[in-house]
Amino acid sequence: MPPRSNLLGWVRALVVGLALIVGASACDRGAPTVAPVSSLAPAAAPAAPTELVVFAAASLREPFQAIGEQLVNAHAGLRIAYNFAGSQELRTQLDNGAHADVFASADQANMAPLEKAGRVGAAMAFARNQLVIAVAPESATRIRALADLPLAQRIVIGAPEAPIGRYTETVLDNAQRAFGGQFRRAVDAHVVSRELNVKQVLAKVTLGEADAAIVYRSDAVAAKGKVVVVAIPPELNVDASYPIASVTGATNATLGRAFIELVRSPAGQTQLVQAGFLPAAPTFAGP
Amino acid sequence: MLVPGGALLVFLALPPLSLLLSTDVSQLFAALSHPLVGPALRLSAFTTLVSLALVVLLGTPLAWLLAQARSKPVRALETLAQLPIVMPPAVAGIALLFAFGRRGLLSGVVYPRGQSVAFTTLAVIMAETFVSAPFFVQAALSAFRRIDPGLLLVARSLGASPLRIFVRVAVPLALPGLAGGAALSWARSLGEFGATLMFAGNLAGKTQTLPLAIYTALESDLPAAQALSVLLMGFAFVLLVVMRAALRRSGAES
C-alpha cells in the first residue's frame, strides 16, 4: 500500500495539472476573467499569442513553412499551426468541421466542393506544379526517362483519391498514348503501393524501398541529394494548379487573409519558385 | 461512483452505437459492392488467418517454454515478447522496415539484390503477426501457469516425455485460455493499420487490408467506409464474445 503522503502528492499534482490546463485554455480564448494561479503565469506577457491554423497540401510543406516564418516575423506573438496532408484528407476534415483559418489544396477537385458549400471563401490559384520521376540513386543508371519506368522493380505512386494520384494517372495515360505497346500495363505490374499523400510517396524512394516514384517537381527539390530527378516531357506532363482560400468562420480571418496575400505576393512567389513550383499563371512571371 | 462510472460507460458505448445506428441495412449492402471492399475483404481474411496460424503454432511452444522457466533472464525474454503490445503501430512499421526493408539490417543477408519483403502480401502477414502475437503469447502463458503443477508432476512420474506432457496434458488443460488468446490476437491483427501502412504499403488486392480500405474510402466514399467499419466491428464483437466465453471457462477450470 502506498504511503498516504505519496497519494496526497499525486492528488496535488493532478489538481495543479488541471488548473494549468484550465488556465491555458482560458488564455487561448482570451478570457482574462478566469485568471490562472498568478504565480504560474508569466509576469509581463505581451498580448495573448494568436494561433493561425493553416491546412495545406502535403507538397506545400517547405514553401509554406518559409512563408509562415515571414508572417510570424512581422507579427509579434503569432504562432502558425500547420496541418500538411493529402488535400482530400484535409477536405474530409474540413467537411467534418475541423477548425482552420486557411486551406490550400493541390487541385481544384478538393477545393471546388468546399467553395460551393460555403465552407471556404473565394479560392484563388497561387501556384502551379508539375510531375517528375524521383529515382533512387541505385537505380539512376537504369531509369533515365519516362519510357524507362517499367524497368523499375518497384514503383510507388499516389492513391487515386489524392491529387498526386490523379495527376499521375493522367501522365501515365498520356504516356501510354505516346509510347503505345505494354507501357501502362508494365508500369502497373511494378506498382507496389499507392500512398495517400505525396510525401509518403517520396519517402518510399528516400528510404530506398522503391526504385522510382512519381512526385511533384517541388518534392524532388525538397529531397535534393537523396533522389535523382528524371523529367517528364512537357507534352505528357500535367499542369497542377493550386488554389488557396480562407475558411468560413475562421477565428483569425484577418491574419488568414494576410497569410494568403503573402503567399500571392512577390516574396511568397519567390519562396514557391525556390521550392520548385511555378508561378500561379504564366502572366505572373513577366514584368 | 455511479455518475463517473456511468459517464465513462456511455462514452465508451456511444461511438460504436452511433456507427451502428447511422447505418441502414440497404446502404450496408450497397456499399459492400464498392470496388475497394471485395479485394480488401479477401486479403484481410487470408492474411489474418495465416498470421493467426503462425501465432498459434509458434506462440504456443514459446509460451510453454516461458511458463516452465522462471529465472531472471527468462523474465527479460518475456518482457521482450510483450514489447509490441506497448509499441505504437507506426513505430512497429518503421522498426519492421529497418529490420526487413531493402536497406534494413537483414538486407545483405536475406535478399540477394534489391529484393525485399516490404510492400508485399507477406509484409502484411509479418506486420499482423508482429503486433498480434504478443497478445496470444501472454494469454497462453497465463493459461499454462494456471495448470496445477501436480498434474504435470504425475504425468512425469508416469514416464511421459516432455513433448507428450506438452501435447497431451498441458495444451488440453490450457485450451480455453489458448482459444481466448487466439481470438484476441485475431481481433488485433484484423484491426492492424499503422504498421501495415508503413511496412506493406497500400495497394488494392495486394496489401490493402480492411482497415486501410476504410482509411482510403473515408476520403472518397464515406458510406463504403462506414459499411466496412460496421462489418469489422461486428466481427470483432463476435471475437470478443468468444474470447470472454473461453476465458470464463479457463477461469472456472483452474
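Source: prediction; values computed, not measured.
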**Message:** Please enumerate all residues that pass side chain to side chain donor-acceptor pair (under 3.5 Å) together with B:S22, with sequence neighbours excluded.
**Reply:**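 Partners of B:S22 by the side chain to side chain donor-acceptor pair (under 3.5 Å) criterion, ordered by chain and then number, come out as B:Q226.
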- [ ] To the nearest 0.5 Å, tell me how far A:I155 CD1 sits from B:F119 CZ.
- [x]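 A:I155 CD1 to B:F119 CZ: 13.5 Å, rounded to 0.5 Å.
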Roughly how far apart are B:L36 CG and A:E161 CD, rounded to 0.5 Å?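 Output value for this atom pair is 6.0 Å.
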- Message: Only pairs of heavy atoms separated by less than 4.5 Å count here; which of A:R194, A:Q200, A:E138 has the most with chain B?
- Response: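 The residue among A:R194, A:Q200, A:E138 with the greatest pair count is A:R194.
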request  = State, to 0.1 Å, how close A:V192 and B:T207 come at their nearest heavy-atom pair, and which atoms those are.
outcome  =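 Of all heavy-atom pairs spanning A:V192 and B:T207, the closest is O-OG1, 4.4 Å.
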- prompt: When you look at NZ of A:K199, are more than 12 heavy atoms from neighbouring residues, nucleotides or ligands closer to it than 6.0 Å?
  reply: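 More than 12 within 6.0 Å, yes.
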- Answer yes or no: are there more than 12 heavy-atom neighbours, outside B:F98 itself, under 6.0 Å from its atom CZ?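 Not more than 12 within 6.0 Å, no.
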Main-chain N/O of [Y] paired with [X] side-chain donor or acceptor, under 3.5 Å:
X	Y	answer
A:R154	B:S116	yes
A:S193	B:N202	yes
A:E209	B:R102	yes

At under 4.5 Å between heavy atoms, what parts of residues 88-113 of chain A are in contact with chain B? List them by residue number.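 Listed by number: A:Q88, A:E89, A:T92.
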Using non-hydrogen atoms only, which part of A:V191 is less than 4.5 Å away from chain B: side chain, backbone, both, or neither?
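Both backbone and side chain.
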Region of A:A210 that comes under 4.5 Å of a non-hydrogen atom in chain B =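 The backbone, not the side chain.
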